[in-house]
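See below for the structure under consideration.
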Amino acid sequence: MDRNHERLHRDERDLRSVGMAELQAIYADLGLTRAELDLLSVPRRSFTVSFPVKMSSGKTRMFTGHRVQYSDARGPAKGGIRFHPEMEEEHAAELAFLMALKCAVVNIPFGGAKGGVVVDPLQLTRDELELVTRGYIRAIADHIGPFKDIPAPDVYTDERTMAWILDEYERIKREHVPAVVTGKPPDLGGITARRYSTALGGAQVLEEAMKERGMEARGTRVAIQGFGNVGENVARILHHWGFTIVAVSDVNGAILDPRGLDIPALRQHKGRTGGVAGFPGASSITNEQLLTAECDVLIPAALSYQLDENNAGAVQAKIVLELANAPTTAGGDEILFKRDIPVIPDILANAGGVVVSYFEWSQNLDGDAWPEEKVLRKLKHTMIHAFNDVRGHCREIRCRMRTAAYQLAVKRILNAERLRGNL
Ligand code: NAD
């Protein structure tokens with residue numbers, strides 16, 4: 001399987017059912033009423049569209065797309081658009097709900113959505129991808145908008161896709177509507193920092209968690225699984241802040257240097273060779289060894305279900321920062337909790353991306369362009385606030401951070417429904 005196919009299949013598997021098992025336990029703990037459970041258990045709107053695309057062969061092919069707006073009690077629905085051969089409405093609904101929860105944890109005024117087109121993007125030409133994107137947007141244009149539902153990039157869609165979405169939507173509406181979509185190229189109203197905001201938001205909550213344990217950047221050793229968008233950026237940021245990055249990995253292997261890896265040189269090495277393996281001066285280890293390597297902070301930033309009952313007992317880190325989606329299984333989580341190793345849960349740790357999407361929407365509505373300094377300052381404020389909310393709730397009910405984050409999110413969504421008179 002080549003790199004692109006590996007990513008396509010990994011992403012799909014990774015995001016499936018993330019966090020849904022956790023929710024059943026949360027509902028039980030919160031003692032929700034029948035009406036509250038009913039309200040949370042179905043999406044508000046969910047639709048499937050079919051649309052024709054004239055392919056480069058000259059033949060017309062029909063495509064299917066979905067969009068689920070799970071919740072909009074706290075604000076317009078917000079969530080990614082993905083291109084994937086196994087895109088299913090039911091799966092989109094789960095992910096849409098998780099988006100609603102993520103937005104609620106960081107307290108930004110959005111609900112949750114998800115959608116996409118059933119297609120293998122690797123089988124299409126660039127022009128065909130553009131036509132598919134435009135066809136999908138024409139089919140759902142009446143249902144999206146800056147105050148209805150705001151799409152964003154997801155698996156196999158990117159800034160270029162968002163530019164096509166913006167352009168198609170504006171052609172239909174015959175006016176400029178930059179806030180209809182986020183994750184746009186900066187020249188079309190996007191925010192440059194969006195490209196590394198997931199990693200930065202994670203680094204910001206990590207610093208906050210470290211303060212509680214009396215830890216500081218200097219002398220703190222970090223191991224990172226994954227050296228893609230999120231892993232490479234978090235390595236770059238933490239290295240810049242004075243942390244010692246002792247181990248990193250990618251799909252082809254892991255490397256370790258207890259004295260600390262030279263991250264700028266490693267990024268150049270990756271640029272030349274395509275990966276981290278063979279970096280001069282570092283020893284080669286397995287991905288399994290990376291997870292249990294001697295370090296203070298462990299950052300899974302690649303795949304789901306990496307820390308489980310087989311290896312969580314051997315984790316040496318004092319803090320785990322979940323930048324990947326669902327990198328810890330329920331069994332692994334239990335062991336880490338018993339060992340008093342705090343896990344900063346994915347729903348909070350990797351929310352920096354959607355927070356900066358909110359800033360993009362906000363600056364677009366104001367016809368403004370925020371300076372980067374303002375974006376970074378407000379991201380930090382939002383992430384630290386969210387972290388403190390979760391920690392506060394944690395102390396109140398004496399639970400792990402993951403439980404507190406989910407409880408807080410569910411309570412906020414239900415409260416919005418109550419205030420609207422829906423409960
Ligand atoms: P990416 O494709 O850019 O990078 C993934 C990295 O993981 C690559 O370096 C890849 O080689 C590595 N990898 C793959 N298989 C591996 C294995 N078996 N062992 C070790 N490393 C392996 O993806 P990304 O955007 O960095 O996303 C990483 C994770 O973070 C995913 O779970 C994603 O869903 C989650 N996430 C990303 C964002 C975002 O803004 N990009 C936001 C929220 C959550």
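Numbering of ligands and ligand atoms starts at 1, following listing order. Only heavy atoms go into these numbers, but all of them, side chains included; no hydrogens, no water, no symmetry mates.
- At a heavy-atom distance under 4.0 Å, no atom of Ser304 approaches ligand 1.
- Residue-to-ligand polar distances keep Asn350 apart from ligand 1: every N/O pair is separated by 3.5 Å or more.
- For Phe227, a nitrogen or oxygen atom sits less than 3.5 Å from a nitrogen or oxygen atom of ligand 1, counting backbone and side chain alike.
- Of the candidates Val230, Thr286, Asn233, it is Val230 that places a heavy atom closest to atom 37 (C) of ligand 1.
- Among the atoms of Val251, some N or O lies under 3.5 angstrom from an N or O of ligand 1.
- When each of Val343, Leu307, Thr328 is tested with Val315 by the rule side-chain contact (heavy atoms from CB on, under 4.5 Å), just one qualifies, namely Leu307.
- Remark: among candidates Leu290, Asn287, Asn325, Val276, the nearest residue to atom 20 (C) of ligand 1 is Asn287, based on non-hydrogen atoms.
- For the ligand labelled ligand 1, residue Ala302 lies inside the 4.0 Å heavy-atom shell.
- Distances between N or O atoms of Lys102 and those of ligand 1 include no value under 3.5 Å.
- Note: His143 and Phe47 have tilted aromatic rings, judged against thresholds of 30 and 60 degrees for the angle between ring planes.
- Within the 4.0 Å heavy-atom criterion, the part of Leu323 lying near ligand 1 is the backbone and not the side chain.
- Relative to the ring axis of Tyr156, Arg82 does not place its NZ or CZ within 45° and under 6.0 Å from the centre.
- Note: Tyr136 and Phe51 have tilted aromatic rings, judged against thresholds of 30 and 60 degrees for the angle between ring planes.
- Side chains of Ser249 and Asn287: a donor on one and an acceptor on the other come within 3.5 Å.
- A side-chain N or O of Glu89 and one of Ser46 form a donor-acceptor pair less than 3.5 Å apart.
- Among the atoms of Ala301, none of the N or O lies under 3.5 angstrom from an N or O of ligand 1.
- If you look at Thr198 next to ligand 1, the close heavy atoms, those under 4.0 Å, all belong to the side chain.
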Notebook entry, point to check: Could you walk me through whether Asp389 and Asn107 pass the side-chain hydrogen bond (donor to acceptor under 3.5 Å, both in side chains) check?
Noted result: CA-CA 10 Å; Asp389 283 352; Asn107 214 357; 4.7 Å; no
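- Of the listed residues (Val320, Leu238, Ile245), just one forms a side-chain contact (heavy atoms from CB on, under 4.5 Å) with Ile299, and that residue is Leu238.
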